[in-house]
Structures are given as C-alpha cells and as structure tokens.
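Have a look at the structure below before the remarks.
Throughout, a chain's letter reflects where its sequence line sits, starting with A, and its residues are numbered from 1.
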Amino acid sequence: KMSLTAKDKETVKAFWAKVAPKAEDIGQDALSRMLVVYPQTKTYFSHWKDMSPGSAPVKKHGATVMGGVAEAVAKIDDLTAGLLSLSELHAFTLRVDPANFKILAHNILVVFAIKFPSDFTPEVHVAVDKFLAALARALSEKYR
Amino acid sequence: MVKWSDFERAAIQDIFSKIDYDVVGRAAFSRCLIVYPWTQRYFGSFGNLYNAAAITSNPKVAAHGKVIMAGLEKALTNMDDIKTTYKDLSVLHSEKLQVDPDNFNLLGDCLTIVVAGQMGAAFTPEVQGAFQKFLAVVVASLRKQYY
C-alpha cells in the first residue's frame, strides 16, 4: 500500500491550487477521452442521450467527477473516512468495476499534461498518480 | 493482423513526424523511472538514479530514450506487421533482459503523457485513441515470444 508522504500531499495541494480554476474543463476532457479511448466504459452511461466529447451529459458529469476530486484533496489526510459516502455510492448503487478508476485516472493525467505542460513535471506526476490511486482505494473501501 | 483505419494511420504518422525523438524518448523513459521507481531494477548499470533530478540529467537515461524511440520507429515503418518486426526484440526482452512485460504498459502510459504534453490540444481524444492502439499493438508484439 503506497501511502502518501507529507511531501506528496504538499505537492498535490499546490498543483491542485493551480488546476482547480479549470476543474470543470479538465473533468469534461478526461471523461471524453475515457469514453473514446476505452469504449467499454460507455456501458455505465447507456442512459445518456449523447456520449460524445463536449456533449451536455459529459460536461455535467465531468464537473461532478472533479467535484469529487476536489473533496478528496480537501480530505487528503484521511481519504477513507472522508470519502465514505462516495464509496458507498460507487459500491452499492453505481457498482463501477474498480478497474475503471485507474482508467479515468490515466485520462486525468493526460489532460493535466496537455493543459499544464510546464507544471506537470515528473515529480508532480508521481505525487498526483499516488493520490489518484489512494483516492481509488478509498472509493473501493465499501465494495466487499 | 491488426487493422488500421485511414484516420489511425494518419494520426500515428503525424505524431511521429511532429515529435522530437530525443526529447520524447528521454522524457518518457525518465518519467517512467521516476513515477514507477521499481522499473529502475533493470538499469543497475546506469549509475546515479537516486532522485528525479539525477534521472533527468543522466546521460545513459537520455541514450536509452533514443534506443526506445528507434524501436518504436521500427514499428511505425512496419505498421502492418509489427508482430513479425518485433520477433527478435521480444526474444531479447524475455530471454536476455528478462523484463516483466507489465512494465511495457507503464512505459507506454508515460509515452502517452509526454506526447500529450508535446502535442497539446492537437492530441484530441481520437488521436489519443489511435496512439494508444499503436502502443497496445507494440506491447502485444513485445509480449509475444514470452511463453
């Protein structure tokens, strides 16, 4: 279990402060990429009229997802406790296979690289990757 | 045999024509060593890999980045039969270098992220899809001779 060091948390919070103003854009872009590049993920959104990049449901949901990430940043010192209700939501209602968390995380990183090329250094990349993995673990807490 | 659409062929060729091989090879490989430090196990002879600064300034890392890009170039120029093109490379990685093939995906992810950073908005979701498909075929071909 690769826990977040104090430095990791500092790095994540500092990077998040830079990217937060564009959170909705980032969420929309990452989700669009996931749906295009990993079409099997579309199965979770079959109730949407439109799954194309830039569509209304994708925009709205991208913002929702990034709201969750923001919450996780704020609760970075205890993700398991902080994300309890989100974990219950994903485990019992949404039943998203946790393998997909990694897929979405990858696409979030791609968007960071595109939108913040000079800030998304290798050092920031490893801290953010660890954070998103810890977030995914916390989300998976209630699964079984 | 892998089927490439016209869009995919064009997108992949376009990426490789635009990126600086030396920059991308070095950036992707050093990112892999930094983000997934266990991959350093294969590079004991590379000297100082102690921290991110050491890795990004290490000349052996830069040189190996070029080797990786040369390998990708081979796949690029033989897109319709990467499996056969990579037969010897696959044997090399499995029998001589004994690289855990899961590492290929880690390097692939770093390549995607570095290329995304280089291309910016031109790296659309569809272009990303084409590039990741190319990497998936490369990885599958590298894995082929492992059993």
- Item | B:Gln132 versus chain A, the contacting section by heavy-atom distance below 4.5 Å | side chain
- Task: Go through the atoms of A:Val126 and report whether side chain, backbone, both or neither lie under 4.5 Å from a heavy atom of chain B.
- Result: both
- What part of A:Ser118 gets closer than 4.5 Å to chain B, counting heavy atoms only: side chain, backbone, both or neither? neither
- Under 4.5 Å to a heavy atom of chain B? For A:Tyr38 that would be side chain
- Does A:Phe116 have A:Lys22 sitting over its ring (NZ/CZ under 6.0 Å from centre, angle to axis within 45°)? yes
- Would you please indicate yes or no on a ring centroid separation below 6.0 angstrom for B:His93 and B:Tyr146? no
- Item | Between A:Phe92 and A:Tyr143, ring centroids under 6.0 Å | no
- A:Ser87 side chain vs A:Leu83 backbone, donor-acceptor pair below 3.5 Å: no
- What part of B:Tyr36 lies closer than 4.5 angstrom to a heavy atom of chain A: side chain, backbone, both or neither? side chain
- Please flag which part of A:Pro117 lies under 4.5 Å from any non-hydrogen atom of chain B: side chain, backbone, both or neither. side chain
- Message: Given 3.5 Å as the limit, does a donor-acceptor pair link the side chain of B:Asp81 with the main chain of B:Thr84, or not?
- Response: yes
- Query: Cationic tip of A:Lys42 within the cone over A:Trp48's six-membered ring, i.e. under 6.0 Å and within 45° of the normal?
  - Reply: no
- B:Ser30 versus chain A, heavy atoms under 4.5 Å apart: side chain, backbone, both or neither? neither
- Task: Please look at B:Ala130 and chain A and tell me whether the side chain, the backbone, both or neither of the residue comes under 4.5 angstrom of a heavy atom of that chain.
- Result: neither
